[in-house]
Amino acid sequence: MTKPFLKIEHVDKSFSRGAMTNEVLKDVSLDVAEGEFISIIGHSGCGKSTLLNIVAGLTKATKGVVFLQDKVVDEPGPDRAVVFQNHSLLPWLTCYENVALAVDKVFGRSKTKAERHDWTMHKLKLVHMEHAKDRRPAEISGGMKQRIGIARALAMQPKVLLLDEPFGALDALTRTHLQDQVMQIQAELKNTVLMITHDVDEAVLLSDRIVMMTNGPSARIGEVLDVPLARPRNRLELVSDRAYIAARAAVLKFLYERHRFVEAA
Amino acid sequence: MTQTAAAASNVTPLKSAQPAEAPASAKVVALPAPKKPFFGPRMKTRMMDAAATFLPPLLTVGLLLLLWELLCSSPTSSLPSPSRVISDTWELIANPFYDNGGNDKGLGWQLYASLKRVALGYALAAVAGIALGALVGASTWALRGLDPVFQVLRTIPPLAWLPLSLAAFRDGEPSAIFVIFITAIWPVIINTAVGIRNIPQDYKNVAQVLRLNPIEYFSKIMLPAAAPYIFTGLRIGIGLSWLAIVAAEMLIGGVGIGFFIWDAWNSSRISDIILALVYVGAVGFVLDRIVALIAVAVTRGTANA
C-alpha cells in the first residue's frame with residue numbers, strides 16, 4: 001500500500017438555507033487502496049450518503065478535496081459509478097437498454113457496436129439477469145432491479161464502485177442472495193468499492209475495512225476497523241468464526257454503546 | 001321434491017328401455033360438440049364483457065333519442081325530432097363527398113377542411129409548446145420571465161385573438177390556423193413544463209454520472225420522463241383546438257364545418273345543424289382517442305389511455 005488510490009482529504013460539508021447552517025460532515029479523511037472493499041456504517045442522518053455523493057461528484061464539498069489517482073474529483077463521471085439505493089433504472093427502457101445506455105455512452109468511441117453488445121450481455125450474465133433482458137423495470141422484482149443497477153454500474157468499468165445502501169430496500173432473503181453475488185463479482189473483478197450500509201452483518205461480511213461514523217450534526221469518522229477475514233468468505237462458516245464475532249461485536253459496540261442514536265428510540 | 005323424483009323415475013326407464021340404440025343416441029349427442037367453441041366459456045365472458053361495455057351507452061342514447069322524439073314530435077315544435085332530422089338530411093348523410101363548387105360541398109369535405117386547419121395549427125402548437133415548455137421547465141430564469149406572461153395570455157378566449165390575427169394576416173385561412181395554434185399551445189406548454197420540473201432527481205443523477213451532454217439528456221431522459229405529462233397537454237390541446245375551429249370558422253366563412261353550421265342557421269336548415277353537431281362530436285371524440293392511443297404507444301404504457 002504505497003500511494004492511496006482514492007483519497008478523501010479533510011472534507012467538510014454544510015448545507016445553508018438562509019441564515020441557518022447545518023454542518024453535516026466535519027473533517028472527514030480516508031485513504032482507500034486499489035481493490036479495497038470499504039463499508040461506511042453509521043446511524044441514519046450521520047451524513048454517510050452525503051459523503052458518498054461527494055465522492056461521486058454529485059454533491060460539492062464545502063471544504064476539503066477528494067482525489068482519485070491523484071486527480072481532483074469535482075464532477076460526476078462514469079469512473080465513479082454509483083449503484084443507487086432505489087435502483088434508479090429508467091422505466092421506459094428495458095433492462096438491456098438501461099445497461100446499454102451506460103455502455104454506449106462510456107465505450108461509444110472505443111468499442112464497435114458488436115463489442116458493446118457483448119459487453120452489455122456479459123454484465124447482464126454477471127448478475128444472472130440475461131433471461132430478463134427484454135423486460136422493463138416495472139415487470140421485475142426489487143432484487144432484480146438492483147442487480148440491473150449493479151450491472152449498469154459495472155458496465156461503466158469504474159475505477160471506484162459506489163454503493164449507496166444497495167440492499168436497504170430489499171427483504172432479508174433477497175439481500176443475503178445479493179450479498180453473496182456481490183462477493184462473487186468482487187472476487188472476480190477486484191473492484192475498489194465504497195459501500196454505505198446500516199447493516200452490521202453486511203458490513204463485516206463484505207468489507208476489508210469498516211468506517212464507522214459518529215452521529216451528526218458534524219459527523220466525523222469515529223473509528224476504522226480492519227476485518228481480518230480470509231476470502232472467499234462463507235456466511236455459514238463465519239457465524240462461529242472468532243474474528244468475525246469480534247469484528248461484529250466491535251461495530252455493534254461502537255454503534256450502540258458509544259454513539260447511541262438518541263432520537264431513534 | 002316429489003316432482004323431481006317423479007321426473008327422474010320417468011327418465012330412467014326411457015333410457016334403459018332402448019339399450020340397443022345407445023350408439024345412435026351417442027351420435028346425436030356429438031352434434032352440439034363442434035358448436036362448443038362458439039359458446040365456450042371464454043367466448044361467453046368476452047361477449048358478456050362487450051355487452052357490459054356497449055349496452056349501457058347504447059341504452060342511454062336510445063332513451064335520449066326516445067325522449068327527444070317525444071318532445072319534438074308535435075308539428076308546431078321549434079326543433080325537429082330525430083326522425084325528421086334523418087329524413088331532412090338524408091341527402092347529406094348519403095353523399096358526404098359531393099362537390100357543387102363554392103361552399104356547396106358534402107359534409108365530408110367540410111370536415112376535411114376543418115381538420116386540415118386543425119392539423120396545421122395543432123402541429124405548430126405541439127412543436128412550439130413542447131419546446132417552450134422544455135425551456136420553462138428546465139430553466140428557472142425562463143420560468144420567472146415567461147410563466148407570468150403565459151399565465152395572463154392563456155386566459156384570453158380563443159376567439160378574442162381572431163380580429164387581431166385577421167388584422168395581422170389580412171386573410172381568413174392563416175387567421176383560423178393561428179387561433180388554433182394559440183388555443184392549443186397553453187396546455188402543451190404548461191404540462192410539458194410541469195413534467196420536466198418533476199423529473200426525479202434519480203434520473204438526473206444517472207445522467208450526471210453518465211455525463212450525458214445536453215442533447216442526449218434532452219432526448220434520452222427529459223423527453224421520455226416528461227412524456228406522460230406532455231401527452232396530457234397534447235390531449236387537452238386537441239380538444240380545445242376542435243372547440244375553437246368551429247367558432248373561428250363561423251366568423252371567417254368559406255368551406256368548413258363551422259361555417260356550414262352558421263350557413264345552415266341563416267337558411268333555417270335546423271336539421272342540417274343537428275347532423276353537423278353529431279359529426280363534430282364524433283370527430284372530436286376520435287381525435288381525442290387518436291392522441292390517447294399515440295400516447296400509450298409512445299410512452300409504452302406509462303401514460304393513461
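In what follows, chains are A, B, ... by sequence order, proteins preceding strands, each numbered from 1.
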query: Hey, does B:Asp202 have a side-chain heavy atom less than 4.5 Å from the side chain of A:Phe84?
result: no

- request: State, yes or no, whether a side-chain contact exists between A:Pro91 and B:Tyr203 at a heavy-atom distance under 4.5 Å.
  value: yes

- prompt: Can you say whether A:Gln85 sits under 4.5 Å from chain B via the side chain, the backbone, both, or neither, judging by heavy atoms?
  reply: neither

task: Using non-hydrogen atoms and a 4.5 Å limit, figure out which bit of A:Asn86 sits close to chain B: side chain, backbone, both or neither.
output: side chain

statement: Residues of residues 122-156 of chain A with a heavy atom under 4.5 Å from any heavy atom of chain B, in residue-number order, are A:Arg136, A:Arg152, A:Met156

query: Do any of residues 62-79 of chain A have a heavy atom less than 4.5 Å from a heavy atom of chain B, and if so, which, in residue order?
result: A:Glu75, A:Pro76, A:Gly77, A:Pro78

[atom1]/[X]: more than 12 non-hydrogen atoms of other groups inside 6.0 Å:
| X | atom1 | answer |
| --- | --- | --- |
| B:Arg144 | CZ | yes |
| B:Trp109 | CH2 | no |
| B:Phe150 | CZ | yes |
| B:Phe169 | CZ | yes |

task: Using a cut-off of under 4.5 Å on heavy-atom pairs, state which of A:Ala81, A:Ser88, A:Gly57, A:Ala56 scores highest against chain B.
output: A:Ser88

query: At their closest point, which heavy atom of B:Leu212 faces which heavy atom of A:Lys105, and how far apart are they?
result: CD2-CD, 3.9 Å

message: What verdict does the side-chain contact (heavy atoms from CB on, under 4.5 Å) test give for B:Ile221 and A:Leu90, after you've listed the backbone C-alpha separation in whole Å, the side-chain angles of each residue and the deciding distance to 0.1 Å?
response: CA-CA 8 Å; B:Ile221 308 280; A:Leu90 305 176; 3.7 Å; yes

task: Measure B:Glu216 against the heavy atoms of chain A and call it side chain, backbone, both or neither at under 4.5 Å.
output: side chain

message: Using heavy-atom distances under 4.5 Å, tell me whether B:Lys220 contacts chain A through its side chain, its backbone, both, or neither.
response: both

